[in-house]
Amino acid sequence: MNPFVGQTERDLARTVAEWSATLAERIPAAEKEGALPRDVIAELGRLGVLGMRVPEADGGLGTSAVAFVLVLEELAAAWPSLAVAVAVNSGIVAGSIVRYGTAEQRKRWLPRLMDGTGLGAFALTEVTSGSDAASLRTTARPDGGGWRIGGRKQFITNARYAPFAIVFARVGELDPKDSSAGITAFVVPLDASGVSIGSPERKHGLLASDTSALILDDVRVGHDAVLGGPGKGFGIAMTGLDGGRINIAAQSVGIARRALEVARAYAKQRTQFGRPIADFEGLRFRIAKAESDLAAARLLALRAAWLRDRGRPFTREAAMAKLYASEMAQRATHAAVQILGGNGYMRDYAVERYARDGRATTIYEGTSEIQRIVIARSLLAA
Ligand code: CAA
């Protein structure tokens, strides 16, 4: 019996906020090691966070998209590396299995995303296929009672922790006039023969979040590995990314919030020219603007999640939320570093880490440029 069933979603967000604040002392060692501690992942499972977006009938909490935004903001404020790992596992991966999985797939795979022993992965990107996701080259060919998958996926979050990945592969030849045709989603157990994980990438930020290549060398899976049917993969990826973009917006809000909190506290106690630097108008105006932008970004993320919870279209609103919130996070973390001055540039103060971590938010789950394309297409469609 999960302790949070029957409690309000706000209680869960508050509990996550209190728990994640206790992790602060562990962050430097974990970031240095480049890995999330296993017991932290296990605790996320115990708290129910890993199953927030899984219906109660499937063993999850079945909480709303709005609640997930609140929880991700708290996780990101505490530790951005942790927030992105949870967003991928519990958002895009769990959501895709819930939405497209057969009863058998849901029963087999959803518990693996919730039990705290690992975190799921979403394997779309390749060396030559980033923003142009439909150009992917990983192939799947029918083989007797199943499929053989070959290819190399790049920048895969959680790859080293994952019991399985949702792998997008092309069935049949590439049609240059319709490159998304034939793309199929497969649930691939990462202990299957022919699967290997590349060395962890050496990143600018999010150092405790795993980002590795996933190599598929003639990996055999059964027909039961196909998610949603052959040829349905591109729609599954795009639908997953629509939701994922709300979650990256929430992550951006958490990162910006914490950086600005640190900057405000610093500005009140740091004295120069005989008074706290918080008295200087240049700084006051900067903080006033950054906090206003932060509030707007949070509302955009909540609006997209609210639409999603009501079953209404939210593709454009998710892209707007991600675009605005991620770019807001750049300005906010930049301002925080500036307010701390020389100290802001030093690793002893968290703001430089928040600035590095936040940098990824305008890139993954679709760059700002891709969000603008999605927004403009939806506004200007014939
Ligand atoms: N929902 C459902 N279906 C959608 C959709 C959506 N939001 N957007 C497009 N589709 C469908 C279209 O309807 C179309 O279907 P039909 O062929 O049946 O008509 C099909 O997909 C192709 O659509 P487009 O012609 O619009 O496709 P495109 O090739 O022009 O690409 C794109 C559109 C928006 C640029 C897309 O490629 C894209 O989002 N690129 C960015 C990729 C991305 O975000 N990558 C992130 C990697 S994952 C990650 O970062 C996770 C992590 O670990 C942190």
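As the structure lists them, so they are numbered: ligands from 1, and atoms in each ligand from 1.
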Distance (rounded to the nearest 0.5 Å) between Leu70 CG and Leu302 CG: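 Reported to 0.5 Å precision, the distance equals 6.0 Å.
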Please report whether ligand 1 has a polar contact with [X], defined as an N or O pair separated by less than 3.5 Å (distance criterion only).
X: Thr125; result: no
X: Glu365; result: yes
X: Asp132; result: no
X: Gly366; result: yes

Test item, Val374 contacting ligand 1 (heavy atom, 4.0 angstrom):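 Within the 4.0 Å threshold, so yes.
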Any residue meeting salt bridge (Lys or Arg N to Asp or Glu O under 4.0 Å) with Asp143, in chain and number order, not counting sequence neighbours: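 Counting only residues at least two positions away or on another chain, Asp143 forms a salt bridge (Lys or Arg N to Asp or Glu O under 4.0 Å) with Arg148, Arg220.
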Residues that Arg141 engages under salt bridge (Lys or Arg N to Asp or Glu O under 4.0 Å), provided they are two or more places apart: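 Listed in chain order: Asp218.
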Part of Arg245 with heavy atoms under 4.0 Å of ligand 1, whether side chain, backbone, both or neither: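 It is the side chain that touches ligand 1; the backbone stays farther off.
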For ligand 1, the portion of Ser131 having any non-hydrogen atom under 4.0 Å away: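 For Ser131, only backbone atoms sit under 4.0 Å from ligand 1.
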Pick from Ala319, Pro313, Ala181, Ser180: the one approaching atom 22 (C) of ligand 1 most closely through a non-hydrogen atom: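 Closest candidate by heavy-atom distance is Ser180.
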Option nearest atom 23 (O) of ligand 1 (shortest heavy-atom distance, choices Phe234, Phe155, Phe168, Tyr364):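 Nearest option to atom 23 (O) of ligand 1, by heavy atoms: Phe234.
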Phe168 and Phe122 aromatic centres sub-6.0 Å: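 Yes; Phe122 has its ring centre under 6.0 Å from that of Phe168.
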Parallel, tilted or perpendicular: rings of Trp109 and Phe164 (30°, 60°):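 The arrangement is tilted - the two ring planes meet at 30° to 60°.
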Glu261 bridged to Arg257 by N-O distance under 4.0 Å: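 Salt bridge between Glu261 and Arg257, a charged N being under 4.0 Å from a carboxylate O: yes.
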